[in-house]
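Okay, structure first, notes after.
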Number of protein chains: 2
Amino acid sequence: MKLLEERIRKDGTIRGTEVLKVDRFLNHQMDIGLINEIGKEFKRLYGDCGVNKILTIEASGIGIACITAQFFNVPVIFAKKNKTKNIAGDVYTSKVESFTHGKVYDIIVSKEFLGPEDRVLLIDDFLANGSALQGLINLVRDAGATLVGAGICVEKAFQPGGDLIRSMGVRVESLARVKSMDEATNSIEFCE
Amino acid sequence: MKLLEERIRKDGTIRGTEVLKVDRFLNHQMDIGLINEIGKEFKRLYGDCGVNKILTIEASGIGIACITAQFFNVPVIFAKKNKTKNIAGDVYTSKVESFTHGKVYDIIVSKEFLGPEDRVLLIDDFLANGSALQGLINLVRDAGATLVGAGICVEKAFQPGGDLIRSMGVRVESLARVKSMDEATNSIEFCE
């Protein structure tokens with residue numbers, strides 16, 4: 001998606017050769033006009049797949065999922081990272097290792113909201129090592145739901161997550177795929 | 001807002017006399033059509049106030065803030081609960097005590113995204129003890145920005161947060177204000 005690639009070139013910040021900050025427009029400050037275009041693109045890609053639920057993970061994925069859901073006219077469910085007092089009863093649970101925070105945590109979804117009748121589109125802002133996406137896939141499979149695929153804004157294609165998830169037979173559509181980047185030369189290259 | 005009150009009566013779950021779960025439509029599974037109506041109502045209430053930024057707090061506020069921001073045509077900033085590797089440099093910070101989780105944590109916003117030129121609308125799903133809202137207000141004041149007010153979906157009016165924040169001279173608009181509720185009688189009463 002050219003619009004997103006151009007925005008990353010303009011407002012993204014590269015740290016070293018592995019960290020890409022997009023907090024000016026995607027995951028801290030959010031440019032709602034851009035995210036609206038992202039939602040439209042996910043609809044173009046997955047609009048004929050019978051999606052009836054969008055599943056994401058807190059926190060950065062939620063806004064993107066909600067804007068996208070308007071185009072599909074379906075509810076959003078976000079997997080929660082901490083079990084709170086207010087979620088009682090039966091939940092699906094899975095483990096996720098965070099690249100950003102350097103720790104392992106549980107994610108949960110109430111069983112009430114996912115079941116065998118559901119056709120689920122996963123949405124997230126980033127795909128790097130694939131742990132968050134793998135965690136969401138596990139929740140969908142535990143629920144007996146059908147996994148339609150994943151819509152990712154930015155994939156760091158030089159990290160193993162995308163290949164790993166695709167090798168499992170899961171459709172992954174990433175709107176910007178970073179092939180390589182380097183802070184020293186302030187350069188970023190996207191996959192064709 | 002009658003639509004939200006009716007939905008709370010239909011799909012909310014009361015635990016004891018203080019806990020109201022709205023995770024079927026607002027903060028775990030999200031009914032995007034309902035949240036669209038909520039966004040419209042915030043626009044009706046604050047549309048003439050020159051709002052140029054919407055500030056919320058992860059995680060439950062983000063989706064509501066993003067949908068609402070479409071009506072204002074402004075960016076969303078969400079305060080983050082944990083300092084991550086990917087947020088470097090100068091941040092505003094404030095402390096929040098979580099009623100739900102029973103702990104105190106820091107929230108942060110990058111200084112890059114809030115400043116004296118901003119007119120900020122706060123958005124959140126719940127107002128109970130007011131600690132999250134107070135934390136957001138502190139961030140706005142530290143930034144030297146103008147606080148336009150707060151848009152809250154559900155206020156537990158029998159808890160002190162709403163009165164406390166209003167007594168500081170802050171405009172708070174809550175779309176559903178719960179006066180009392182009781183699991184034993186499965187009853188809920190809203191303020192007029």
Side-chain angles (χ1 to χ4, degrees), chain A residues 13 15 19-25 27-36 53-89 91 98-103 108-110 112-114 126, chain B residues 13 15 19-25 27-36 53-89 91 98-103 108-110 112-114 126:
Chain A
T13 306
R15 292 276 176 264
V19 173
L20 175 63
K21 288 175 62 182
V22 292
D23 59 358
R24 284 184 183 142
F25 53 95
N27 56 17
H28 185 21
Q29 182 168 250
M30 304 184 71
D31 179 334
I32 302 300
L34 172 69
I35 295 167
N36 207 277
K53 295 266 172 76
I54 288 179
L55 177 65
T56 187
I57 183 170
E58 64 176 31
S60 309
I62 297 173
I64 301 159
C66 284
I67 300 282
T68 300
Q70 293 184 309
F71 295 99
F72 287 86
N73 199 24
V74 301
V76 167
I77 301 154
F78 62 89
K80 302 202 174 200
K81 285 182 181 172
N82 295 298
K83 191 166 175 64
T84 74
K85 285 186 201 167
N86 285 3
I87 293 196
V91 296
S98 169
F99 172 76
T100 312
H101 296 81
K103 64 181 179 186
I108 59 168
V109 164
S110 287
E112 183 181 353
F113 304 133
L114 269 188
F126 259 93
Chain B
T13 306
R15 291 276 176 264
V19 173
L20 175 62
K21 288 177 62 184
V22 292
D23 59 357
R24 285 183 182 143
F25 53 95
N27 57 15
H28 185 21
Q29 181 168 251
M30 303 183 72
D31 179 333
I32 302 300
L34 173 69
I35 294 168
N36 207 278
K53 295 266 173 74
I54 289 179
L55 176 65
T56 186
I57 183 170
E58 65 178 32
S60 310
I62 297 174
I64 300 159
C66 284
I67 300 283
T68 300
Q70 294 185 310
F71 295 99
F72 287 86
N73 199 25
V74 301
V76 168
I77 301 154
F78 62 89
K80 301 202 174 199
K81 285 184 181 170
N82 294 300
K83 192 165 174 61
T84 74
K85 284 187 202 168
N86 286 3
I87 294 197
V91 295
S98 169
F99 171 76
T100 313
H101 297 80
K103 63 182 178 185
I108 59 168
V109 164
S110 288
E112 183 180 354
F113 304 134
L114 269 188
F126 257 94

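A, B, ... follow the sequence lines: proteins, then strands. Residue 1 opens every chain. All values derive from a computational prediction rather than experimental measurement.
- The distance from atom CG of B/D23 to atom CZ of A/F113, rounded to the nearest 0.5 Å, is 4.0 Å.
- When all heavy atoms of A/V74 and B/I32 are compared, the closest pair comes out as O-CG1, 3.7 Å.
- Both the backbone and the side chain of B/V109 come within less than 4.5 Å of a heavy atom in chain A.
- Both the backbone and the side chain of A/S60 come within contact range of chain B, with heavy atoms under 4.5 Å apart.
- Among A/A65, A/P75, A/G33, the residue making the largest number of heavy-atom pairs under 4.5 Å with chain B is A/P75.
- Taken from CZ in B/R24 to CD in A/E112, the straight-line distance is 4.0 Å, to the nearest 0.5 Å.
- The main-chain N or O of A/F78 is found under 3.5 Å from a side-chain atom of B/H28 such that the two form a donor-acceptor pair.
- Only the side chain of B/N36 comes within less than 4.5 Å of a heavy atom in chain A; its backbone stays farther off.
- Between chain A and the residues B/I54, B/I77, B/T13, the largest count of heavy-atom pairs under 4.5 Å involves B/I77.
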Full working for side-chain contact (heavy atoms from CB on, under 4.5 Å) between A/Q29 and B/K53 = CA-CA 9 Å; A/Q29 182 168 250; B/K53 295 266 173 74; 3.4 Å; yes
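- Counting heavy atoms from C-beta outward, A/Q70 and B/I67 have side chains that approach closer than 4.5 Å.
- Rounded to the nearest 0.5 Å, atoms NZ (A/K81) and NZ (B/K81) are 11.0 Å apart.
- The two residues A/G63 and B/I62 make their nearest non-hydrogen contact at N-CG2, 3.7 Å.
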